[in-house]
Amino acid sequence: MCRTTDLRQAVLARNDDSARALRAELAARGTVAVNLLSSPGSGKTALLEAELALARAREVPVAALTADLATENDARRLARTGVPVQQVCTDGLCHLEAVMLRGYLAGWLPADTRVLFVENVGNLVCPAVYDLGETLRVTLAAVTEGEDKPLKYPTAFGLAQLVMVTKTDLAAAVGFDEDAFLGNVARVNPGVDVVFTSAREGRGVGTLLERALAVRDGAAAHRPVMAAAQAAPGYSPGGPLGESGAHAHSAPHPATAAGAGPRPHHGHEHGHEHEHEHPMVDRL
């Protein structure tokens with residue numbers, strides 16, 4: 001008799017074990033990790049560079065780990081801010097995993113780091129289903145990408161605890177419809193804050209750092225509907241496939257949930273960070 005094994009479930013379960021352990025380890029040392037997800041070319045490196053420079057000016061101990069398939073271009077760029085930076089070259093792998101992140105942090109992350117920014121590989125599909133042990137997950141989209149981005153990548157936006165819109169200095173030129181974007185975010189992630197930024201003009205710069213520090217100091221992060229659905233009894237991570245073979249996160253249609261509208265520009269986060277119920281494994 002043939003026996004089948006759901007490899008997708010096994011892979012994500014192992015990753016969740018490592019993510020849970022890393023989250024606990026970082027919390028014990030007073031460090032909050034921020035996972036930044038976006039498409040390639042969204043402007044997240046430019047925004048992160050501005051945030052790191054601001055943290056340096058304010059004497060807030062931060063560090064950044066940036067991942068790409070190839071080159072160390074982003075690390076060299078971010079290192080100009082004077083904060084500790086490490087480049088991860090994934091050699092073709094389209095996402096980071098928790099065990100990889102733990103390996104790169106071991107022996108490198110400064111002990112006094114208050115915020116660790118993790119710039120994930122530019123991709124809104126695979127990275128969306130991998131918990132890295134972050135305390136704050138942020139999904140970014142540029143105004144040049146179109147208002148329907150949240151609908152095309154519902155997992156990436158649906159699991160975000162903060163959504164940031166970049167390159168707003170180009171909004172008028174590309175005819176970006178802010179209301180339409182907010183409405184689409186609301187359909188996949190009701191209640192999440194949406195912050196509009198422009199690294200070139202300085203709009204919104206500092207918000208990411210302030211949110212991360214607030215969460216580190218005990219502020220509750222937004223809890224997405226999708227995250228709540230994952231924690232519900234009967235949820236199976238080995239269920240139907242979604243985006244490009246990634247796990248579909250079964251959730252009630254967010255548009256029917258209470259408080260379906262996103263909160264633009266500012267607002268207080270709510271809810272609790274989601275964690276997966278797995279035992280801790282080896283430490284850093």
Residue pair L159 / V129, side-chain heavy-atom distance below 4.5 Å: no

Ion pair check, R14 and E97, cut-off under 4.0 Å: no

Look only at the side chain of N189 and the backbone of F157, and say whether a donor-acceptor pair between them is shorter than 3.5 Å. yes

Full working for side chain to side chain contact (heavy atoms under 4.5 Å, CB included) between L78 and T45: CA-CA 8 Å; L78 296 177; T45 304; 4.1 Å; yes

Using a 3.5 Å distance criterion without hydrogens, assess whether the side chain of E119 forms a donor-acceptor pair with backbone atoms of A67. no

Do side-chain atoms of R114 reach the backbone of V60 as a donor and acceptor pair under 3.5 angstrom? no

What one should report as the nearest heavy-atom pair of C89 and Y104 is O-OH, 4.4 Å

D112: partners by salt bridge (Lys or Arg N to Asp or Glu O under 4.0 Å), with sequence neighbours left out: none

Evaluate the side-chain proximity of V194 to F181: yes if any heavy-atom separation is below 4.5 Å, no if none is. yes

Does R200 have more than 12 heavy atoms from other residues, nucleotides or ligands lying within 6.0 Å of its CZ? no

Would you name the heavy atoms of L109 and A63 that are closest together and state the gap between them? CD1-CB, 3.8 Å

Below 4.5 Å, heavy atoms only, C-beta onward: do V62 and L209 meet side chain to side chain? yes

Under a 4.5 Å cut-off applied to non-hydrogen side-chain atoms, are F196 and M164 in contact? no

Pair listing, ring-ring contact (aromatic ring centres under 6.0 Å, His included) test, anchored in residues 46-97, at least two apart: H95-Y130

Just by distance, do the side chain of N184 and the backbone of A180 share a donor-acceptor pair under 3.5 Å? yes

Taking the side chain from N123 and the backbone from V125, do they hold a donor-acceptor pair closer than 3.5 Å? yes

Answer whether the closest heavy-atom distance between the side chains of V192 and V185 falls below 4.5 Å. yes

Distance-only donor-acceptor hits, side chain of residues 31-40, under 3.5 Å, sequence neighbours excluded:
{"unit_1": "T31", "atom_1": "OG1", "unit_2": "T113", "atom_2": "O", "d": "2.5"}
{"unit_1": "N35", "atom_1": "OD1", "unit_2": "N120", "atom_2": "ND2", "d": "3.2"}
{"unit_1": "S38", "atom_1": "OG", "unit_2": "S42", "atom_2": "OG", "d": "2.6"}
{"unit_1": "S38", "atom_1": "OG", "unit_2": "K44", "atom_2": "NZ", "d": "3.0"}
{"unit_1": "S39", "atom_1": "OG", "unit_2": "E145", "atom_2": "OE1", "d": "3.0"}
{"unit_1": "S39", "atom_1": "OG", "unit_2": "K149", "atom_2": "NZ", "d": "3.4"}

Treating E147 as the side-chain partner and D177 as the backbone partner, does any N or O pair qualify as donor plus acceptor under 3.5 Å? yes

Closest non-hydrogen contact found for A128 with T155 is CB-CG2, 3.8 Å

Can you tell me how far apart NZ (K167) and CG (D169) are? Round to the nearest 0.5 Å. 9.0 Å

Working to the nearest 0.5 Å, report the span between OG of S198 and CG of L47. 9.5 Å

Keeping the roles fixed (side chain from T197, backbone from V165), state whether a donor-acceptor pair exists under 3.5 Å. yes

Contact between D74 and D68 at the side-chain level, heavy atoms closer than 4.5 Å - yes or no? yes

Output the distance between atom CZ (R80) and atom CG (L52), rounded to the nearest 0.5 Å. 11.5 Å

Heavy-atom closest contact (R223 atom, A227 atom, distance): NH2-O, 3.8 Å

Could you pull out the closest heavy-atom pair between C94 and P127, with the gap in Å? O-CG, 3.7 Å

Would L22 and L132 count as a side chain to side chain contact (heavy atoms under 4.5 Å, CB included) if you check the C-alpha gap in whole Å, the side-chain angles of each, and the deciding distance to 0.1 Å? CA-CA 8 Å; L22 179 56; L132 297 185; 5.8 Å; no

Residues R56 and V83: closest non-hydrogen pair is CB-CG1, 4.2 Å

Are any side-chain N or O atoms of R137 and backbone N or O atoms of Q161, one a donor and one an acceptor, separated by less than 3.5 Å? no

How far apart are the C-alpha atoms of V118 and T66, what are their side-chain angles, what is the distance that settles it, and do they pass the side chain to side chain contact (heavy atoms under 4.5 Å, CB included) test? CA-CA 6 Å; V118 180; T66 181; over 6 Å; no

May I ask you to decide whether D131 forms a salt bridge with R20, counting only side-chain N to carboxylate O separations under 4.0 Å? no

What distance separates L136 CG from L116 CG, expressed to the nearest 0.5 Å? 12.0 Å

Can you check whether L65's main-chain N or O pairs, donor with acceptor, with Q86's side chain at less than 3.5 Å? no

Take F117 and L208 through the side chain to side chain contact (heavy atoms under 4.5 Å, CB included) test and state the conclusion after the steps. CA-CA 10 Å; F117 293 101; L208 183 58; 3.8 Å; yes

I need the D16 CG to R23 CZ distance, nearest 0.5 Å. 8.5 Å

Supply the atom-to-atom distance T166 OG1 to R203 CZ, rounded to the nearest 0.5 angstrom. 11.5 Å

